[in-house]
K.L.:
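This structure is in structure tokens; I'll ask about it shortly.
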There are 2 protein chains.
Amino acid sequence: MSQRAAGGGEGRRPATIRDVAAHAGVSVATVSRILSGTYPSAPATRSKVMRAVRELDYVANANARGLAGASSRSVAIIVNSVVSPHYAHVAQGVQTQAALEGKLCIVGTTGGDPERELATVQLMRQEHAECVILVGNVVNDEAYRQRMTEYARALAAAGSQLVLCGRPALGPDVPALVVEYDNTGGAYAITSHLLSAGHRRILFLGRRDGYTTPDSRITGYRRALADHRVPHDPGLEIDGTMERSEGYRMIRQRLEAGPPDFTAVFAGNDLIAAGARQALREHGLRVPDDISMVGFDDLPPAADIDLTTVHVPHEELGRTAVRLALQRDPGKMAMAQHVLLGTHIIVRDSVRPLRPADATT
Amino acid sequence: MSQRAAGGGEGRRPATIRDVAAHAGVSVATVSRILSGTYPSAPATRSKVMRAVRELDYVANANARGLAGASSRSVAIIVNSVVSPHYAHVAQGVQTQAALEGKLCIVGTTGGDPERELATVQLMRQEHAECVILVGNVVNDEAYRQRMTEYARALAAAGSQLVLCGRPALGPDVPALVVEYDNTGGAYAITSHLLSAGHRRILFLGRRDGYTTPDSRITGYRRALADHRVPHDPGLEIDGTMERSEGYRMIRQRLEAGPPDFTAVFAGNDLIAAGARQALREHGLRVPDDISMVGFDDLPPAADIDLTTVHVPHEELGRTAVRLALQRDPGKMAMAQHVLLGTHIIVRDSVRPLRPADATT
DNA sequence: CTTCATCGGGTAAGCGGTTGCACAACCGGC
DNA sequence: GCCGGTTGTGCAACCGCTTACCCGATGAAG
């Protein structure tokens, strides 16, 4: 029906701006200007050009456009994995905001491997993405800070803005934006929630010294205990990574070593909670009847297991990262170098108040 | 320490191939050839160039490279949403394979809106992605086929290969690849699983006439019933979309209308199963003690709720799509225009054999 | 009826690579 | 000692688009 379907068949070279110009009887410059919109032009010329574009089914070549100096049209996001709900939701936010701003979104995964992270950053550098968003949990050591600083500078030189999402900030002279969320505050709030329900022996699952996310969550946990004058027992902090299977393992090992010496569990995230819950069940312990439990993240598994947890604004994290990075206003830029998003408790049905009798146990 | 950190600081124009050539004392052509690797070169020259590259921290400009005729370096995937586990896993597969082939992956989301799908395809066309992978459930009507045919031809003209992933095929003369998985076979198998356990009244949740995925699943369901000589009761097929909340709604409505007239539930996917399970529980019905249940997809919620389900090779779907599309061999190309991946049952703990007494109910 | 902004549009110089073609240097064989 | 064949580089023409600069036409002002 359209010229395109009939004439522009497969195998044929796609139309260039020259073709459009010829077809419309104007010069390429005119076509370029009319398409980019930012230029006065006679309505007649304009409609001629638009008609030619339609008839030839012309789309601009992004490579050429990018080369010729127009600003890039893409934002990049680098995550550990796309299937992990945490990253997926941040990615969704990035995607959404990018689409809103008319940019497209390129995704790289690292599997947590710094080697691949480096390779991916290089790839993004080649691509001249407008910004590169690095998200997730890391070890905040000197090596990390040095690596990020290098990334930031190299990207800045290529015209891209580095954004650290849920990662610790670097020095003030490093050209990087930071968008974080309040891990410590959330952990504090939900630990207080357990404490108010009368729990005193709260098992923390997923300690991992050196890693920023579990570190700041456990900090909130400890602070809440301290503020409620509950003695801190390091034996209640169990080491493990942020996976479902780890939650299962940690509870299992604990229960095989002896009967539960805790009345509540604070899982480092919802995945751990799901695994822990399964292990508890296999030992005949029900949540919340026998053991109370809370998680962190408020991601899909949480609703399925009726878990009281801390809501993390994952999508907003992604959206904010993009919004900030594309911020053209240099005044605002300087102000918003570092953003901290809030978190809050979502109450479901996984916590029971402890009867005074149990409390003394 | 490195030249880069010291000299190539922020704000400075990134090094071009010309800079490298000058720094190494050779011509740009030589640098280009050495970097692309596909050319003989003297070891001495080679190391000079590599050193210059390192010292200047040079990375090629992808736009320029793309413009100058070198084949594109990216594959594109277009999905409804990144957070839906189904799409996320396919995307993961695409990502993995793309990384393996040294390409990067650009992602677009449509939210299920054909308008945005079109816009996204145009964007990918501009980008000259090597292939564009469209994934997911759709209405297989004339409008759909016509739209896809247009996409396929337009993309082919721009040098991209269209891949339909989990979507129905088009005519044989349309330049599109198809990678599907066996919905009907899986549904047949898992329905048979329920039938073998003695269930006769199996509620199907998530019928949605016209949509390819639920359609082919319900086809397998019906076929299994027929083969087992179980009368088909259309009243057992409940309309609904593929979301968790819908599963909840469907069961809830059913149970509010009267006591259960079924002994098992076949949820159109795992999300529906999760929602349905919750609704059952709220009505005092336990899975599998009171009601047996199976799902489809074998995605995260399934393990959490111990769901017997059909495993869909999501990641492999994505990997295969990329592998096929990048297949350079035209002989194989022709052969593999249409691929069907197998599915199989994963048995967990959500089905109980029906006692003969109940069977007659 | 000039004069001069103003507006709309054309010309052409890049952007940073790739690659066909030409060519110098060096090899062994006659 | 001359010749044909490698090998390794350089030269320069694009790829498709943007944009600085320039110029012809048009209408208002003097």
Side-chain angles (χ1 to χ4, degrees), chain A residues 12-50 52-53 56-74 122-123 125-129 157-160, chain B residues 12-50 52-53 56-74 123 125-128 157-160:
Chain A
R12 179 87 117 272
R13 176 184 59 78
T16 73
I17 197 171
R18 265 176 261 280
D19 301 330
V20 176
H23 197 88
V26 299
S27 78
V28 287
T30 303
V31 176
S32 170
R33 289 197 268 247
I34 286 182
L35 289 183
S36 70
T38 158
Y39 210 80
S41 56
T45 319
R46 193 183 157 66
S47 65
K48 265 194 309 187
V49 170
M50 294 316 267
V53 166
L56 297 172
D57 191 29
Y58 167 79
V59 292
N61 181 324
N63 286 322
R65 198 196 286 259
L67 224 205
S71 67
S72 154
R73 311 221 118 292
S74 52
Q122 295 293 67
L123 229 54
R125 199 137 76 85
Q126 293 190 190
E127 218 63 25
H128 288 246
S160 316
Chain B
R12 179 88 116 273
R13 175 183 59 78
T16 74
I17 196 171
R18 269 170 252 279
D19 300 331
V20 175
H23 197 88
V26 298
S27 76
V28 287
T30 303
V31 176
S32 170
R33 289 196 268 249
I34 286 182
L35 288 183
S36 70
T38 157
Y39 216 80
S41 56
T45 318
R46 195 183 154 66
S47 65
K48 264 195 309 188
V49 168
M50 295 315 268
V53 165
L56 298 172
D57 191 29
Y58 167 78
V59 292
N61 181 324
N63 285 321
R65 198 196 284 260
L67 223 206
S71 66
S72 154
R73 311 221 117 292
S74 52
L123 230 54
R125 199 138 77 84
Q126 293 189 191
E127 218 63 24
H128 286 247
S160 316

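Each chain gets a letter, A, B and so on, in the order its sequence line appears, and its residues count up from 1.
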K.L.:
I need the CD1-C1' distance between A/I34 and C/dG8, as an integer number of Å.
P.N.:
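Spelled out: CD1 on A/I34 to C1' on C/dG8 is 10 Å.
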K.L.:
Could you give the CZ-to-P distance, from A/R46 to C/dG9, as a whole number of Å?
P.N.:
11 Å
K.L.:
Would you kindly give the CD1-to-P distance between B/I17 and D/dA12, to the nearest whole Å?
P.N.:
17 Å
K.L.:
How many whole angstroms separate atom CZ of B/R65 from atom P of D/dC14?
P.N.:
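Between P of D/dC14 and CZ of B/R65: 22 Å.
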K.L.:
Tell me the closest heavy-atom pair linking A/A158 and B/P14, and the distance in Å.
P.N.:
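Looks like CA-CG, 4.0 Å.
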K.L.:
Given B/V49 and B/V53, is the side chain to side chain contact (heavy atoms under 4.5 Å, CB included) satisfied, shown in steps?
P.N.:
CA-CA 6 Å; B/V49 168; B/V53 165; 4.3 Å; yes
K.L.:
Looking only at side-chain N and O atoms, does B/S41 come under 4.0 Å of OP1 or OP2 in D/dG8?
P.N.:
no
K.L.:
Is any side-chain nitrogen or oxygen of A/S32 closer than 4.0 Å to OP1 or OP2 of D/dT18?
P.N.:
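True: A/S32 side-chain N/O within range (under 4.0 Å) of D/dT18 OP1/OP2.
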K.L.:
What is the minimum heavy-atom distance between A/V31 and A/V20, and which atoms define it?
P.N.:
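That would be CG1-CG1, 3.9 Å.
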K.L.:
Atom CG of A/N61 and atom C1' of D/dC14: how far apart are they, to the nearest Å?
P.N.:
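Whole-Å distance recorded here is 14 Å.
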K.L.:
Going 5' to 3' along nucleotides 23-28 of chain C, which nucleotides have protein heavy atoms under 4.0 Å from the base (write B), which only from the sugar-phosphate (write S), and which from neither (write -)?
P.N.:
------
K.L.:
To the nearest angstrom, how far is B/N63 atom CG from D/dC17 atom P?
P.N.:
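That distance rounds to 13 Å.
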K.L.:
So if I take every side-chain heavy atom of A/L67 and compare against C/dG16, D/dG8, C/dG17, which nucleotide ends up nearest?
P.N.:
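Comparing C/dG16, D/dG8, C/dG17 against the side chain of A/L67, the answer is C/dG16.
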K.L.:
How far apart are the closest heavy atoms of A/T16 and A/Y58, and which atoms are they?
P.N.:
C-CE1, 3.5 Å
K.L.:
Distance from A/H128 atom NE2 to A/N63 atom CG, nearest 0.5 Å?
P.N.:
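Here the interatomic distance stands at 11.0 Å.
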K.L.:
What distance do A/R33 atom CZ and A/T45 atom OG1 have between them, rounded to the nearest 0.5 Å?
P.N.:
11.5 Å
K.L.:
Restricting to non-hydrogen atoms, name the atom on A/E127 and the atom on B/A62 that form the minimum distance, rounded to 0.1 Å.
P.N.:
OE1-CB, 3.3 Å
K.L.:
Give a yes/no answer on whether the side chain of A/R18 brings an N or O atom under 4.0 Å of OP1 or OP2 in D/dG16.
P.N.:
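Answer is no, no contact under 4.0 Å.
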K.L.:
What is the distance from atom OG1 of B/T30 to atom NZ of B/K48, rounded to the nearest 0.5 Å?
P.N.:
9.0 Å
K.L.:
So for the helix from C/dC1-D/dG30 to C/dC30-D/dG1, with five pairs setting each end axis, what is the inter-axis angle to 10°?
P.N.:
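Taking the rotation axis at each end, their angle is 50°.
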K.L.:
Send over the distance from B/H128 NE2 to C/dG17 P, rounded to a whole Å.
P.N.:
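So the two atoms are 19 Å apart, to the nearest Å.
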K.L.:
If I compare all heavy atoms of A/V28 with all of A/I17, which pair ends up nearest, and what's the gap?
P.N.:
O-CD1, 3.8 Å
K.L.:
Quick check against the 3.5 Å criterion: does A/S160 have a side-chain atom that pairs as donor or acceptor with the backbone of A/A129?
P.N.:
yes
K.L.:
For nucleotides 10-14 of chain C, tabulate all protein N/O to nucleotide N/O atom pairs closer than 3.5 Å, reporting atom names and distance.
P.N.:
residue : atom : partner : partner atom : Å
C/dG10  : OP2  : A/S27   : N            : 3.0
C/dG10  : OP2  : A/S27   : OG           : 2.8
C/dG10  : OP2  : A/T30   : OG1          : 2.3
C/dG10  : N7   : A/R33   : NH2          : 2.8
C/dG10  : O6   : A/R33   : NH1          : 3.0
C/dG10  : O6   : A/R33   : NH2          : 2.6

K.L.:
Taking atom P of C/dT18 as reference, at what distance in whole Å does atom CG of B/L35 sit?
P.N.:
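Atom-to-atom, B/L35 to C/dT18, this comes out as 8 Å.
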K.L.:
If I compare all heavy atoms of A/A21 with all of A/S27, which pair ends up nearest, and what's the gap?
P.N.:
CB-C, 3.7 Å
